[in-house]
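Everything on this sheet refers to the single structure shown next.
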Amino acid sequence: MSETKIDDKKILVTAALPYANGHIHIGHLVEYIQTDIWVRFQKLSGRRCLFICADDTHGTAIMIRARQEGRSEQELIAQMQAAHEKDFAGFDIEFDHYSSTNSQENYQLCTEIWSKLRSEGLIREDDVEQLYDPQVGTFLADRFVKGTCPECKSPGEYGDNCSKCSATYSPTDLIDPVSTLSGATPVKKTAKHLFIQIEQLRGFLTQWTQSGKHLQTEIANYLKGHFLGHPLRDWDVSRPEPYFGFAIPDSPGNYWYVWFDAPIGYIASTWQWCKRHNEQLSDWWQSEHTEIHHFIGKDITYFHTLFWPGVLKAVGYSLPSFVHIHGFLTVDKEKMAKTRGTMIRASKYLELLDPSYLRYYYASKLGPKPEDIDLNFQEFIAKVDSDLVGKVVNLASRTARFVEGTGLSIEYPHDGGLFAAGVVAGDRIAEAYEQGDYARAMRLIMELADAANSFVENTAPWTLKKDPTLQVRLQEVCTIVLNLFRQLCVYLAPVLPRLSQQCGKLLQREIVAWSDSKTPLVGTQVSKFEHLMQRVDPKKVQQMVDESKEVPKSDAPSVPVAQTPVQAVTSPAVTEAIEPLVAEPLAPTCTIEDFAKVDLRVARVIKAEEVPEAKKLVKLTVSLGGDVTRTVFAGIKAAYTLEQLEGRLVVIVANLQPRQMKFGLSEGMVTAAGAGGTEVFLLGVDTGAKPGHRVH
RNA sequence: GGCGAAGUAGCUCAGUCGGUUAGAGCAACGGCUUCAUAAGCCGUGUGUCGCCGGUUCGAGUCCGGCCUUCGCUACCA
């Protein structure tokens, strides 16, 4: 994963900046735990290492959300940052500095880097005619506009290309465009945009990405195949006002796009740390003696492996030594979903379970490849119980009590080479950590734990205890086992810092360095034994999943758009999540006549069929009463089984213009709510309604 | 459909440069033990290494084709 370090080198490590629009969940934690383990390993090994992070705070999403919640962006991002930091601390993720991209330092750095990019001739200005939503008062990105394809007249196409005839065009070419933010008809408006001409750096980027030193091979291949074979498109790094972010000093009315200032936030956050610790920023970001390691998810590969190195190169900052890219988290092989309760927030987990469990479980699954990892709760419980409680912690609880009065032997006794074998294995464990192969490290550690338990069995301290003449031997055996336990605690310290602390307390000698694993501890007192870790309570796991399920509350006011009703003051406040409304703000007012144009009808699904070639579609035959039927394709395959659909009542748009699709003609649309994917909720009707009834 | 990754024991995975009889943990089963948090120890594997073909003295490993799964993307919303 990365080259072996020369030990006088400094290491600067970053994890991706979490966006201030959402709370930390167990999917995010894969990355922060992965990074924290690596940082702790480096520090334990005696290397000078900084772990830097910050909240990513800018962008349209933050602006709209703050607007919806009736408060300032600053208030919103401050609150989210506090929540993020609390969650991270709860999982023992220890940053050296945690900042915000909305900082004075970041603004100053953006300005400096910007003017350097200008002087390097990398910035191009161009007028861009874009659609503008007069309702929301903002320009619309391509995918926020839908309309009819100018080529084939297919309706409902996104603003960049037609899914039907593959034509590419600009959103301003769409016939009858509609803003997906408000439903308003956008107007054309011209604005100046600023672009970074990344193509000028393609030669450098090809060499840098393909050198084999900075990226996993899978990632290098991906970039080669997808981007580096063709000229790179200029990167649009400005957004016209209104926008929550930094105003571009030499371009009035324009702001830096959030993805421009976010990675610069890595440097800005380091700078803040430097100011507090009286250090030079250039020693960290412009020095050959410092390695920079970014940990990110595969979703933001593009930015961190092309744009970011390109910018750094152009402005004279150090390039990353390595970009460590991990996959996504699935739960039971499925994407996390709120409906299934698998989108578990960090704070919810911490209410019910020990963070050490998740740290160990992730460690046992994480390798150096950018592969997805799967969380399976059965395996989670089994692994923690069996490995940590049954094997590791058990070593202490089998022996510590026998030496509470006497402490450890003065000299380390003969142990048949067990401790020495552990020292040898330590090098391989260290190598595995270094390479990001934590799964391998955990396997090696558990092999040692197995050997130690076997030793306990063979020496049977409980038998020695009964014979007064064998008390010295008993102390020796316990000295050996507790030293093997301590060795394991050193090896596990990057993953389980709490355990290593508890071990320090038990044996009255703190674990401070990896090298503590190389010398046995002798002659210390042994504290009264206390349980070091509890088994996983399966009921708590179930409770966590249950309480993470999003339950629709149909009768509560869903959003505070109108005046809050007076009774809300006396009843306990039901706070609904704001995300759905932010994701899709209210459409502009329409008249009753407008509404009457849409003919919504109750219909019964009489046949639900698989569309084998389609991943998301099912083919429904619905009855509108009598022998009037319609064929409708609906994108609900991931959310409903065919059996669940057949026979049930749905509400369809009965007078929608039929649409020819690859799989057949769709004669209407089934109404549903939700974000898509597995989060699709069909509209139902109370008992009594009949197929053919119109919805008024 | 496009791009990428992966298929090895019931589950999770290791398997380096092509080299003896393909391994580990968990689960299961049998026995032992009772220090320990119902923990621990010993023992038990008839696996078409996804399929077909090729290269080779020799293929889980290299090459070609196919199948399946997963991810991204598209169709839907």
Side-chain angles (χ1 to χ4, degrees), chain A residues 146 154 156-158 161-164 166 180 216-219 221-223 225-226 298-299 301 327-328 330 333-335 361 364-365 367 369-374 376 378-383 385-402 437 439-440 442-444 446-447 449-466 474 477-478 481 529-536 584 611 613-620 632-639 653 659-663 666 669-677 679-682:
Chain A
K146 278 186 161 185
S154 161
E157 297 297 339
Y158 282 109
N161 65 67
C162 176
S163 57
K164 191 77 179 61
S166 311
T180 62
Q216 289 127 304
T217 52
E218 295 87 343
I219 301 297
N221 293 340
Y222 164 75
L223 296 173
H226 278 77
K298 63 185 184 183
D299 53 327
T301 297
F328 297 141
T330 56
K333 299 274 165 142
E334 308 244 27
K335 265 197 217 176
Y361 183 76
S364 77
K365 305 286 277 189
K369 289 191 181 176
E371 286 171 343
D372 291 354
I373 69 167
D374 187 53
N376 171 291
Q378 306 303 319
E379 191 194 20
F380 171 84
I381 294 167
K383 253 195 159 112
D385 285 357
S386 163
D387 291 357
L388 295 184
V389 181
K391 288 180 182 176
V392 177
V393 156
N394 197 219
L395 290 169
S397 63
R398 300 180 84 172
T399 52
R401 279 186 192 117
F402 297 143
D437 199 347
R440 180 174 152 79
M442 296 308 108
R443 274 197 305 277
L444 291 167
M446 289 311 140
E447 276 177 28
D450 282 338
N453 271 302
S454 190
F455 177 83
V456 176
E457 197 70 23
N458 293 331
T459 49
W462 55 94
T463 309
L464 302 175
K465 187 184 70 171
K466 290 170 190 157
L474 173 65
V477 164
C478 292
V481 175
F529 181 76
E530 291 169 12
H531 279 181
L532 300 170
M533 192 179 290
Q534 304 301 319
R535 310 173 77 75
V536 183
E584 194 170 357
V611 184
E613 317 93 283
K615 278 192 184 168
K616 298 184 186 173
L617 294 179
V618 292
K619 181 180 180 181
L620 302 179
V632 179
F633 289 89
I636 56 175
K637 191 171 184 170
V653 183
R659 173 160 178 196
Q660 184 61 47
M661 299 173 57
K662 187 158 66 179
F663 317 110
S666 188
M669 186 168 93
V670 175
T671 55
E679 284 187 65
V680 175
F681 310 97
L682 287 175

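So you know, we letter chains A, B, ... as the sequences are listed, proteins then strands, and number each from 1.
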Please measure how far the [atom1] atom in [N] lies from the corresponding atom in [M], and state the result in whole Å.
{"N": "B:rC67", "M": "B:rC29", "atom1": "C1'", "value": "36 Å"}
{"N": "B:rA74", "M": "B:rG53", "atom1": "P", "value": "40 Å"}
{"N": "B:rC52", "M": "B:rC13", "atom1": "C1'", "value": "27 Å"}
{"N": "B:rC75", "M": "B:rC17", "atom1": "C1'", "value": "47 Å"}
{"N": "B:rC41", "M": "B:rA36", "atom1": "C1'", "value": "13 Å"}
{"N": "B:rU46", "M": "B:rA6", "atom1": "C1'", "value": "27 Å"}
{"N": "B:rA9", "M": "B:rC49", "atom1": "P", "value": "10 Å"}
{"N": "B:rG4", "M": "B:rC66", "atom1": "P", "value": "14 Å"}

When we call it a touch if two heavy atoms are under 4.0 Å apart, what does [X] touch: a base, just sugar-phosphate, or nothing?
{"X": "A:M533", "value": "base"}
{"X": "A:N394", "value": "base"}
{"X": "A:L395", "value": "nothing"}
{"X": "A:V670", "value": "nothing"}

Could you check how far [atom1] of [X] sits from [atom2] of [N], rounded to whole Å?
{"X": "A:I219", "N": "B:rC3", "atom1": "CD1", "atom2": "P", "value": "18 Å"}
{"X": "A:K619", "N": "B:rC76", "atom1": "NZ", "atom2": "P", "value": "16 Å"}
{"X": "A:M446", "N": "B:rG25", "atom1": "CE", "atom2": "C1'", "value": "11 Å"}
{"X": "A:F633", "N": "B:rA74", "atom1": "CZ", "atom2": "C1'", "value": "16 Å"}
{"X": "A:F402", "N": "B:rC35", "atom1": "CZ", "atom2": "P", "value": "7 Å"}
{"X": "A:K465", "N": "B:rU34", "atom1": "NZ", "atom2": "P", "value": "12 Å"}
{"X": "A:F455", "N": "B:rC35", "atom1": "CZ", "atom2": "C1'", "value": "14 Å"}
{"X": "A:F380", "N": "B:rC26", "atom1": "CZ", "atom2": "P", "value": "18 Å"}

Quick check for you: to the nearest 0.5 Å, what is the distance between [X] atom [atom1] and [Y] atom [atom2]?
{"X": "A:D437", "Y": "A:M442", "atom1": "CG", "atom2": "CE", "answer": "9.5 Å"}
{"X": "A:T459", "Y": "A:L464", "atom1": "OG1", "atom2": "CG", "answer": "7.0 Å"}
{"X": "A:L388", "Y": "A:M446", "atom1": "CG", "atom2": "CE", "answer": "5.5 Å"}

Partners of [X] by side chain to side chain contact (heavy atoms under 4.5 Å, CB included), sequence neighbours excluded?
{"X": "A:F328", "value": "A:K298, A:D299, A:D372"}
{"X": "A:E530", "value": "none"}
{"X": "A:D374", "value": "A:T330, A:K333, A:N376"}
{"X": "A:A452", "value": "A:L395, A:L484"}

* Structure fact -> Residue pair A:K466/A:E447 against RNA chain B: nearer the 5' end by closest nucleotide is A:E447
* Structure fact -> Closest to the 5' end of RNA chain B, once A:F529 and A:N458 are matched to their nearest nucleotides, is A:F529
* To do: Can you sort out the partners of A:E379 under salt bridge (Lys or Arg N to Asp or Glu O under 4.0 Å), two or more places apart, ordered by chain and number?
  =>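 Salt bridge (Lys or Arg N to Asp or Glu O under 4.0 Å) check on A:E379 returns A:K365, A:K383.
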* Asked: Considering residues at least two apart in sequence or located in another chain, which fulfil the salt bridge (Lys or Arg N to Asp or Glu O under 4.0 Å) criterion with A:E457?
  ->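 Partners of A:E457 by the salt bridge (Lys or Arg N to Asp or Glu O under 4.0 Å) criterion, ordered by chain and then number, come out as A:R398.
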* Starting from Watson-Crick (N1-N3 plus N6-O4 or O6-N4) and G-U wobble pairs under 3.5 Å, report the runs of at least three that RNA chain B belongs to. => B:1-7 with B:67-73, B:10-13 with B:23-26, B:28-32 with B:40-44, B:50-54 with B:62-66
* Asked: Heavy atoms, side chains only, cut-off 4.5 Å: are A:I219 and A:P370 in contact?
  ->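 A:I219 reaches A:P370 side chain to side chain.
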If you take all heavy atoms of [X] and [Y], which pair is closest and at what distance?
{"X": "A:V481", "Y": "A:F455", "value": "CG2-CD2, 3.7 Å"}
{"X": "A:N453", "Y": "A:K391", "value": "ND2-O, 3.1 Å"}
{"X": "A:S364", "Y": "A:A439", "value": "O-CB, 3.4 Å"}

* A:S454 vs B:rC42: side-chain N/O to OP1/OP2 distance below 4.0 Å ->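 Yes, within the criterion.
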* Look at A:R535 and B:rA36 and indicate whether a side-chain polar atom (N or O) is within less than 4.0 Å of OP1 or OP2. => no
Where the side chain of [X] is concerned, which of [options] is the nearest nucleotide?
{"X": "A:M669", "options": "B:rC35, B:rC26, B:rA77", "result": "B:rA77"}
{"X": "A:L617", "options": "B:rC76, B:rC35, B:rC26", "result": "B:rC76"}
{"X": "A:R398", "options": "B:rC75, B:rC35, B:rU37", "result": "B:rC35"}

N/O-N/O pairs, protein side and nucleotides 67-69 of chain B side, under 3.5 Å:
none

Close N/O contacts between protein and nucleotides 30-32 of chain B (under 3.5 Å):
none

* Can you name the side-chain hydrogen bond (donor to acceptor under 3.5 Å, both in side chains) partners of A:K369, sequence neighbours left out? -> none
* In chain order, what residues pass the side-chain hydrogen bond (donor to acceptor under 3.5 Å, both in side chains) check against A:N394, with sequence neighbours excluded? -> A:S397
* Structure fact -> Once base and sugar-phosphate atoms are separated, protein heavy atoms under 4.0 Å mark nucleotides 5-17 of chain B, 5' to 3', with B, S and - as -S-----SSS---
* To do: I would like to know whether A:F529 and A:T399 meet side-chain contact (heavy atoms from CB on, under 4.5 Å); could you show each step before the answer?
  => CA-CA 9 Å; A:F529 181 76; A:T399 52; over 6 Å; no
